[in-house]
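Here is the structure we will look at.
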There are 2 protein chains.
Amino acid sequence: MAEDRELRVRTLLETVRADGRTALTAPEGKVVADAYGIAVPGEELATDVDEAVAYAARFGGPVVMKIVSPDILHKTDAGGVVVGVEGAADVRAAFHRIVENARVYNAEAKIEGVQVQELLPKGTEVIVGAVTDPTFGKVVAFGLGGVLVEVLKDVTFRLAPVTADEALSMLDSIKAAEVLRGVRGQAGVDRWAVAEQIRRVSQLVAEFPEIAEVDLNPVIATPEGAVAADIRIILAEQQPPARKKYSRDEILTSMRRLMQPRSVAVIGASNEQGKIGNSVMRNLVDGGFAGEIHPVNPKADDILGRKAYKSVTDVPGEVDVAVFAIPAKFVAAALEEVGRKRIPNAVLIPSGFAETGEHELQAEIVAIGERYGIRLLGPNIYGYYSTWQDLCATFCTPYDVKGGVALTSQSGGIGMAILGFARTTKTGVSAIVGLGNKSDLDEDDLLTWFGEDPHTECIAMHLEDLKDGRAFVEAARNTVPKKPVVVLKAGRTAAGARAAGSHTGALAGDDAVYDDILRQAGVIRAPGLNDMLEYARGLPVLPAPRGDNVVIITGAGGSGVLLSDAITDNGLSLMEIPPDLDEAFRRFIPPFGAAGNPVDITGGEPPSTYEATIRLGLEDPRIHALVLGYWHTIVTPPMVFAELTARVVAEFRERGIEKPVVASLAGDVEVEEACQYLYERGVVAYPYTTERPVAVLGAKYRWARAAGLLGSDGSGSGRLGGGS
Amino acid sequence: MAEDRELRVRTLLETVRADGRTALTAPEGKVVADAYGIAVPGEELATDVDEAVAYAARFGGPVVMKIVSPDILHKTDAGGVVVGVEGAADVRAAFHRIVENARVYNAEAKIEGVQVQELLPKGTEVIVGAVTDPTFGKVVAFGLGGVLVEVLKDVTFRLAPVTADEALSMLDSIKAAEVLRGVRGQAGVDRWAVAEQIRRVSQLVAEFPEIAEVDLNPVIATPEGAVAADIRIILAEQQPPARKKYSRDEILTSMRRLMQPRSVAVIGASNEQGKIGNSVMRNLVDGGFAGEIHPVNPKADDILGRKAYKSVTDVPGEVDVAVFAIPAKFVAAALEEVGRKRIPNAVLIPSGFAETGEHELQAEIVAIGERYGIRLLGPNIYGYYSTWQDLCATFCTPYDVKGGVALTSQSGGIGMAILGFARTTKTGVSAIVGLGNKSDLDEDDLLTWFGEDPHTECIAMHLEDLKDGRAFVEAARNTVPKKPVVVLKAGRTAAGARAAGSHTGALAGDDAVYDDILRQAGVIRAPGLNDMLEYARGLPVLPAPRGDNVVIITGAGGSGVLLSDAITDNGLSLMEIPPDLDEAFRRFIPPFGAAGNPVDITGGEPPSTYEATIRLGLEDPRIHALVLGYWHTIVTPPMVFAELTARVVAEFRERGIEKPVVASLAGDVEVEEACQYLYERGVVAYPYTTERPVAVLGAKYRWARAAGLLGSDGSGSGRLGGGS
């Protein structure tokens, strides 16, 4: 059956191509629709009046009847169209009338018959389509028809093909989802039938890559079904070229040698201060890298006291990484030597490739890399850090706070911001990697490795484009069940996308597609640079939540209100406190403290009140996460609050009770030290903001949902930019 | 005419009230609609067939005809309704048929005649309404009909009454505004006619406060007009009580004595460390207040070396402010003495009033205040700072960085966050004021004063509710043309609003109403606490922009992309660089630097490239604001960039060229010092974020538009939460 269907469509498409066309005609579209079971109105060509009656009877409801003649283009003008005909007598009369009108209109016209077509019922108009995205390839789209999709752009995307469940999830992913469930007393539509239309279109484009676009517009959805009033199919002018792919094992093998090298060569190492080859050498040495470091420089005998080699081929033993610190024009020749030496990784710091318009030079080194199987990092990067190896292969300065987050950036400037932020906040880092022009290694390779790396608990990536959106989604889907992946996608907006275009020559995809598909991949999208950095810092610190019930415990009622706002903004749920728990909290707080959630312990309370209520929050198994609002008073100074909170949280963690705890500290400058103290002890705490601690908690929840640790997968909610 | 109209409606409403009803019947609604020129379908009662023909002829188009009989309730069942009748013959036939059907249906029925009603054309359904908001009083609402308003809540509000222009602006303030201008080949609607419906409804409710709600739902809008298919009017059960109002002069007089006092009494001053009365005394003394400070304590002879008085009435000379540091139960008696001493301001630090359920105690002090004309600040506050007077009347610690921003908070915890943030960022402050329970003085009084205060260049307010939304809007409208007003409205979301309810007993209004009306008042709404604080810090530092053209100059291409995203998110415009200017920029940057906007000077450039391009940006009069993206390199270290930028900006300011300049610094920790250096020299600069500098610039632009300094008033754009 499937083979038969493929054959029919293949034959048809070949005919269209042979005609030199890219757009299918309506009857051709119907052939494709029928082959894939895409519901379109029934239609038949009746060559005589009895056939017309029979077809109309088969369709059941009212029909549209139209003259079919190659000589009559304007059917309505010719009186050749009758709408809403029902019953044998009326069909008979209409048939005769149409043919007569046609003869009067043009006596010479060759009349092939009368088309009898099902009349579509009234219903909710929806749009089902498929496009070929430059980043993600075949993508299906779904939205409501009319102003909703045209004016409000209320449309959702998924990678094709989709499963039945994914198709159904699209119905809930639009803002006006309620309409499909029925509003204003109207019945809801047949959701399964709509989803089937989506699924079948997605299958069609997945099986025929040469189909560039499909449009079912509108699909009429009713409580009884979903029928496409019109189907439009466009073929692609040409197929994109395939790029070289490495297997998962190959990626892991070369990435392990890159991130855990035993021997590093620096091509262009130098004794001259201010040169990049000098900075890289010094940073490798000063950073404390325990493996071998081999300077390569044809003009020096030793560099920083180490023996220098004329060529990398002269370096003794196996080398894992060659770091390039030479001008762009010398890279190709040196890369040949790296290939001959069978070094699996080249870290290409130099700029002067695609980013400055030197596309040929970049193509040349990519070809060399592919020929020898050398993986290329860069070019046009600051280098990379692998902190657990004390490895700083960059021209920046070493970084020594080992920890759980791996950060990557496409841009060098953003890489420097990552370094400065990490240093000032003492963020524990497993790696920082510059990707630059991504001539070869890109985010999917890094995700594949960091997903396996036991030191890495969270991955945060700044990117402006993806070379292969599908490979990224696949890598993300493999990684997300194990650890959170945060993505800052720059070039989100029209203005931003234009800047991306001029910066990297990358074709920035439509942000709506990125947004939906990154969510589908389970990735946490950061709305901005600082958010990415704070998520990177906070996510590894917090344990995963085991349920949706968030409780706010606050000394400042004012903070409680703002924290509640943030809870809603971040798609979290304020727990409805059951009476027994409410009573338990009330035992610790003054009689005028507010009941419910937030638990308002009021401002003048001693440390024991904070401690008792935090203990209760951690102890009660119905509560899954705590948001603390601290108010600086003389009775409970900041460090006293920080110490007691950290102590209680640690005690419960020792008992195996791990819940995410975040805190907002309102007070004088001493709260800054208290926040740092708390952060270093697993409580995500911020001064002067009620938004940020809840945003980090929200990111952790988004990951937990995507990783399947909580009930819902969160699709259809938690859109970026939330708001009121 | 207006009087006649008022009389007609007044008489009608009295009849309705006399009937004990609150809802008007349809015919009563039509009377009101006719009185106010609200377009509804024409309708007449025809008692004979000739009258029916005449009425139908007058209405022009097709009509609906309905039997009118007190004995026939179900007109359709009785065959008493015919829709779409047109032409004299058909009207005649329909009249006879209806009357006959009615006789057949019920031979006994008393037949009063046949109603002839205009048949509404097809068109775009919109909703026009008015409600009585607990905060803002009479408010008009406008939205598209159907799913847009019901599912997507795409509706906009204005204070009633509105002018014709304000009404027209509502048509552009909904997300689906494009629909009204015509989409999918449809003609747009008659915008003026729709606006007139809004204006007239707003007039009606403004003139009749007893009307609680009006609903025109739907209004059928066509290219030719706008007619309400249905009008529904509901009367209020009761009117809210009026509150005591002070005149602008009275407010300014008492506020001046509060903020610039010469003599302050501290009731409950104490020598005992840890007591609030001790903290307040010490802070007044240590803060360096140059006026008189009089401790009042019946049990002490001197406090902190100053003579103490048994009662405030014993204090010699005129006293401007009495600060209360005594328990709630003693406040009323002491306040009587303050009244007798004719002290105009009482600063009520104690808690234990409405916020703990002691509403009567609060009502008692309000009554005393009103009796003596004492303005009350609080109760339940930390006190207040007036930095230019070196006045710290709080139990916190003094703050001495004098500057341009006045900050107020309803909550003590938020007040402490303000203090800590200001101290750590060295924000220049003119005042910090706690409002607490707002038993008397509230945001409108403070706005009125700070609007006039020459030290104050920007006002930032945290609030959970407004006692009198209209008074606030009036004060804001007076202030905004002079200086920006930033508002953090807590309790924005459903969850937040609930917390506000339990915290202050304030009825939190619908956030959509707040959002629209605060924008209408020209206020900059901060999405969160940290945003409010950063706007407060940054707005006084930046000069006002004189036009919309923003240019990004960046060393890091990656920052350029993210800064462009932020530009769009904040409703700003990236200037289209004209060719001559592009060429001028190109002269300074490497050949592979990106053209256009962002101006990408590329990463490795020396200080001279930053300087030359910044100079050009400030020099060219077509550019109105600069966003700088700095990338930390050895060639241009952070402090070198900071120094050159500050120097060039200062030089241009001396020449009278003042443009807002903001900067994002990407780099290692040295960028933090560079940002502080820049901030103190009028350049709003942040490390590790591309979002924040542009958000502050965006806030400045929103103010400039609201203040009428730029072309557009910005209504209809710049919604909170922006996003892609």
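Here is how names work: the chains are called A, B, and so on, in the same order as the sequence lines, proteins then strands, and each is numbered from 1.
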Exercise. Answer yes or no: is there a donor N or O on one side and an acceptor on the other, between the side chain of B:N530 and the main chain of A:Y688, under 3.5 Å?
Key: yes
Quiz prompt | Sidechain-backbone polar pair: A:D565 side chain, B:A490 backbone, donor-acceptor under 3.5 Å | solution = no
Practice problem: Report the option among B:A177, B:S559, B:G412 that has the most heavy-atom pairs separated by less than 4.5 Å from atoms of chain A. | Solution: B:G412
Self-check item: Top contributor to chain B contacts, counting heavy-atom pairs under 4.5 Å, from A:G667, A:G604, A:A666
Solution: A:G667
Nearest 0.5 Å, please: how far is [atom2] in [Y] from [atom1] in [X]?
X: B:M532; Y: A:E691; atom1: CE; atom2: CD; result: 10.0 Å
X: A:I414; Y: B:L562; atom1: CD1; atom2: CG; result: 5.0 Å
X: B:T689; Y: A:L529; atom1: OG1; atom2: CG; result: 6.0 Å
X: B:Y399; Y: A:D668; atom1: OH; atom2: CG; result: 10.0 Å

Sort [X] into side chain, backbone, both or neither according to what part of it lies under 4.5 angstrom from a heavy atom of chain A.
X: B:L665; result: neither
X: B:E672; result: side chain
X: B:V669; result: both
X: B:T554; result: neither

Quiz item: Of the backbone (N, CA, C, O) and the side chain (C-beta and beyond), which part of A:T397 lies under 4.5 Å from a heavy atom of chain B, both, or neither?
Solution: side chain
